[in-house]
S.K.: 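This is the structure I want to talk about, given as structure tokens.
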Amino acid sequence: MHVFRYLQTYMLLKLFGKGLPMAYSFLDSEKLKTGDVILETSDGKISSLIKAGDRIKEFDERVSARFSHAFIYIGMGYIMEADEGVRSILAARITTDKPNNYLVLRHPEHPNGINIEWLEEWSSMGLFAAIHTEVSKDYNWRGVFGTKIPFVGSTEGTYFCSQLVGEAYRRLNIELMIDGRPPELVTPNSLLSRQCKLEPVDTEACFTQLPEADWVNALAKVSRYDLIRNEPIPLTQIAHNMAKKMVETFGRRIDAATAKIGKSQTVKSPQEIMLTLYFPDLPDGDRISDDLVAFMKTIYPSDQIRMYRSMNIIAGEKLFKAGNMEIISMMKATLVRDINNVLPLLDMVKSQIEMMNNFPSPPYALRSYHKWTLTKLQETLAEESEFLEWRKSFLARIA
């Protein structure tokens, strides 16, 4: 279904003189259910090291651990994973010529996906909302060793891959591990143990094969993170590296300021920076906020986002004019998927704008960074709404 997106990306990168490797099958979000956990392995040295250290002890037979990575499907086409840092990317970015390197696990009490009834119209987005706040937080290297060496412990506010999975289920109050172990003790292969409630599903059926075509065969494998810009809302991915730079540059300065008013914290994410800047008595808060705005203006990729949006439109028009019916059919399916996924994302942006328009109330401070963020949210809503209308009209034209 997402082949059109890959074709677009291929054409975009050709315009910039770059080659785009890709594999032969992709993880199809239409086959997944919200809350599905996907285990992954590879033949790399780091993967082999993780598997060697993470042996399954709860099975009747002691077997070598097969998997070295875990991530979770959070709905609306996205997975979340902790790999170097916490990221959310489209499930379709998981491409492989070895589907047997993956295993999809599903909670038996939620065979149709996790829905949170009390969220009403947001029910199917409950997992997305519960865990997406952790995007861009650091990888928990200390916690990885802490799963095997208890006195090492874990670093608060950071995550390794299976810890993020455990945290997602914990926040929704859904039992994942029968023995009640905390997220920081959930390892990739413990998700295969008799202590875990998840059950395997037909993993091969969760992948959709890419067509056997020259444009596919000419491409080699590439990290999924090299494909992240071509998303329904590109900022979702571009923000990862931007957020890391922001925290690295201003985190310690903000922590030092909060220490002066008797508050102890270690900033790990842009959300925590924003909340801290609401403190009315934050020493030098206005200057920090102004410096942060100046910094963000130098790294915020407004022009880049607009360029990729324009290039997507150009690529779509060129593919349509080529007249290949197989590709046009893929384009239709991808456009339908994008439209369905973007609508709830835009609803979330609208809710953020509404919240920021009504918060904070005194005595909390409204500083320049809050105003800048609100402006960017409004720009994103306007531009992505316009892009959504193009998708709808383009779909009607090629249907």
Side-chain angles (χ1 to χ4, degrees), residues 27 32-42 44 46-59 63-74 78-89 91 94 101-108 110 114 127-128 130-150 152-201 203 206 224 268:
L27 187 60
L32 299 174
K33 303 296 183 182
T34 304
D36 280 358
V37 175
I38 301 94
L39 301 180
E40 179 182 18
T41 190
S42 72
I46 294 179
S47 176
S48 299
L49 181 63
I50 293 173
K51 287 184 285 186
D54 183 19
R55 298 183 65 86
I56 305 170
K57 296 181 178 179
E58 293 89 349
F59 281 134
V63 295
S64 296
R66 282 191 58 207
F67 296 95
S68 55
H69 187 51
F71 51 91
I72 185 168
Y73 180 63
I74 59 174
Y78 282 85
I79 63 105
M80 270 189 69
E81 64 179 344
D83 185 347
E84 296 182 356
V86 179
R87 315 172 193 253
S88 68
I89 66 173
I94 310 298
N101 279 356
Y102 296 81
L103 181 65
V104 178
L105 304 173
R106 186 167 296 158
H107 202 292
H110 300 273
I114 294 174
L127 180 54
F128 188 101
I131 199 68
H132 203 262
T133 54
E134 305 309 298
V135 164
S136 299
K137 290 195 174 179
D138 290 338
Y139 190 80
N140 188 7
W141 286 106
R142 183 180 175 190
V144 170
F145 293 102
T147 62
K148 301 302 176 186
I149 310 173
V152 172
S154 181
T155 304
E156 186 178 354
T158 64
Y159 299 92
F160 55 85
C161 62
S162 47
Q163 179 187 7
L164 183 68
V165 170
E167 178 66 14
Y169 272 87
R170 185 195 69 79
R171 291 188 180 187
L172 297 178
N173 198 30
I174 297 174
E175 186 178 49
L176 177 67
M177 307 299 294
I178 296 172
D179 59 7
R181 74 184 69 181
E184 60 268 23
L185 294 182
V186 176
T187 65
N189 291 283
S190 69
L191 296 169
L192 284 172
S193 73
R194 288 182 286 116
Q195 292 298 318
C196 182
K197 300 196 74 169
L198 301 180
E199 296 177 355
V201 300
T203 298
C206 294
R224 50 186 173 258
K268 298 288 185 180

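Reckoned from all heavy atoms, side chains included, excluding hydrogens, waters and symmetry mates. Fair warning: this is a prediction, and the values are worked out from it, not measured in the lab.
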S.K.: Would Leu32 and Leu27 satisfy side-chain contact (heavy atoms from CB on, under 4.5 Å), going step by step from the backbone distance to the final call?
M.R.: CA-CA 9 Å; Leu32 299 174; Leu27 187 60; 3.9 Å; yes
S.K.: Are Pro200 and Arg106 packed together at the side-chain level, in the sense that at least one heavy-atom pair is separated by less than 4.5 angstrom?
M.R.: no
S.K.: Would you indicate whether the side-chain heavy atoms of Gln195 and Ile178 approach each other to under 4.5 Å?
M.R.: yes
S.K.: Can you tell me how far apart CD (Glu167) and CE (Met80) are? Round to the nearest 0.5 Å.
M.R.: 10.0 Å
S.K.: Do Ile79 and Ser88 come within less than 4.5 Å of each other through their side chains, counting heavy atoms only?
M.R.: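 They are not in contact (no side-chain heavy atoms under 4.5 Å apart), so the answer is no.
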S.K.: Do you know which two heavy atoms are closest between Met177 and Cys196, and how far apart they sit?
M.R.: SD-CB, 3.8 Å
S.K.: Could you tell me if the side chain of Glu81 sits less than 4.5 Å from the side chain of His69, heavy atoms only?
M.R.: yes
S.K.: For the OH atom of Tyr78 and the OH atom of Tyr73, what is their distance to the nearest 0.5 Å?
M.R.: 10.5 Å
S.K.: Can you check whether Asp83 reaches Tyr139 side chain to side chain, under 4.5 Å on heavy atoms?
M.R.: no
S.K.: Would you say that Leu164 contacts Asn140 through its side chain, given a criterion of any heavy-atom pair below 4.5 Å between the two side chains?
M.R.: no
S.K.: So Ile89 and Ile94, side-chain contact (heavy atoms from CB on, under 4.5 Å) or not? Walk me through it.
M.R.: CA-CA 9 Å; Ile89 66 173; Ile94 310 298; 4.1 Å; yes
S.K.: In Å, rounded to the nearest 0.5 Å, how long is the span from CG of Asp36 to SG of Cys206?
M.R.: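 Separation between the atoms: 6.5 Å.
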S.K.: Of the non-hydrogen atoms in Thr41 and Ser68, which two are nearest, and what is the gap between them?
M.R.: CA-OG, 3.8 Å
S.K.: Applying salt bridge (Lys or Arg N to Asp or Glu O under 4.0 Å), can you list everything that pairs with Glu175, at least two apart in sequence or on another chain?
M.R.: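 Checked Glu175 against salt bridge (Lys or Arg N to Asp or Glu O under 4.0 Å); matches are Lys197.
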S.K.: Check whether any side-chain heavy atom of Tyr159 lies under 4.5 Å from a side-chain heavy atom of Glu134, and answer yes or no.
M.R.: yes
S.K.: When you measure from the side chain of Tyr169 to the backbone N and O of Gly35, does any donor-acceptor pair fall under 3.5 Å?
M.R.: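 Side chain of Tyr169 to backbone of Gly35, a donor-acceptor pair under 3.5 Å: yes, one is there.
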S.K.: Strictly distance-based, threshold 3.5 Å: is any side-chain N or O of Thr34 a donor or acceptor partner for the main-chain N or O of Ile114?
M.R.: no
S.K.: Taking atom NE2 of His107 and atom CG of Leu198, what is their separation to the nearest 0.5 Å?
M.R.: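 Result: 6.0 Å between the selected atoms.
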S.K.: Considering non-hydrogen atoms only, spot the tightest contact between Cys161 and Ala82 and give its length.
M.R.: CB-O, 3.6 Å
S.K.: Show your working on side-chain contact (heavy atoms from CB on, under 4.5 Å) between Ile131 and Ile74 and close with a plain yes or no.
M.R.: CA-CA 8 Å; Ile131 199 68; Ile74 59 174; 3.8 Å; yes
S.K.: So, for Gly166 and Leu176, which heavy atoms are closest and what is the spacing to 0.1 Å?
M.R.: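 Shortest heavy-atom contact: CA-CD2, 3.8 Å.
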S.K.: Any non-hydrogen side-chain atom of Leu103 less than 4.5 Å from a side-chain atom of Leu192?
M.R.: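 Touching, per the 4.5 Å side-chain cut-off.
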S.K.: Give me the atom names and distance for the closest heavy-atom approach of Ile174 to His110.
M.R.: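 Scanning both residues, the minimum pair turns out to be CD1-NE2, 3.7 Å.
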S.K.: Begin with the C-alpha distance, continue with both residues' side-chain angles, and end with the deciding distance and a verdict on side-chain contact (heavy atoms from CB on, under 4.5 Å) for Ile38 and Leu105.
M.R.: CA-CA 6 Å; Ile38 301 94; Leu105 304 173; over 6 Å; no
S.K.: Give the C-alpha distance, both sets of side-chain angles, the deciding distance and a yes or no for side-chain hydrogen bond (donor to acceptor under 3.5 Å, both in side chains) between Asn101 and Glu40.
M.R.: CA-CA 6 Å; Asn101 279 356; Glu40 179 182 18; over 6 Å; no
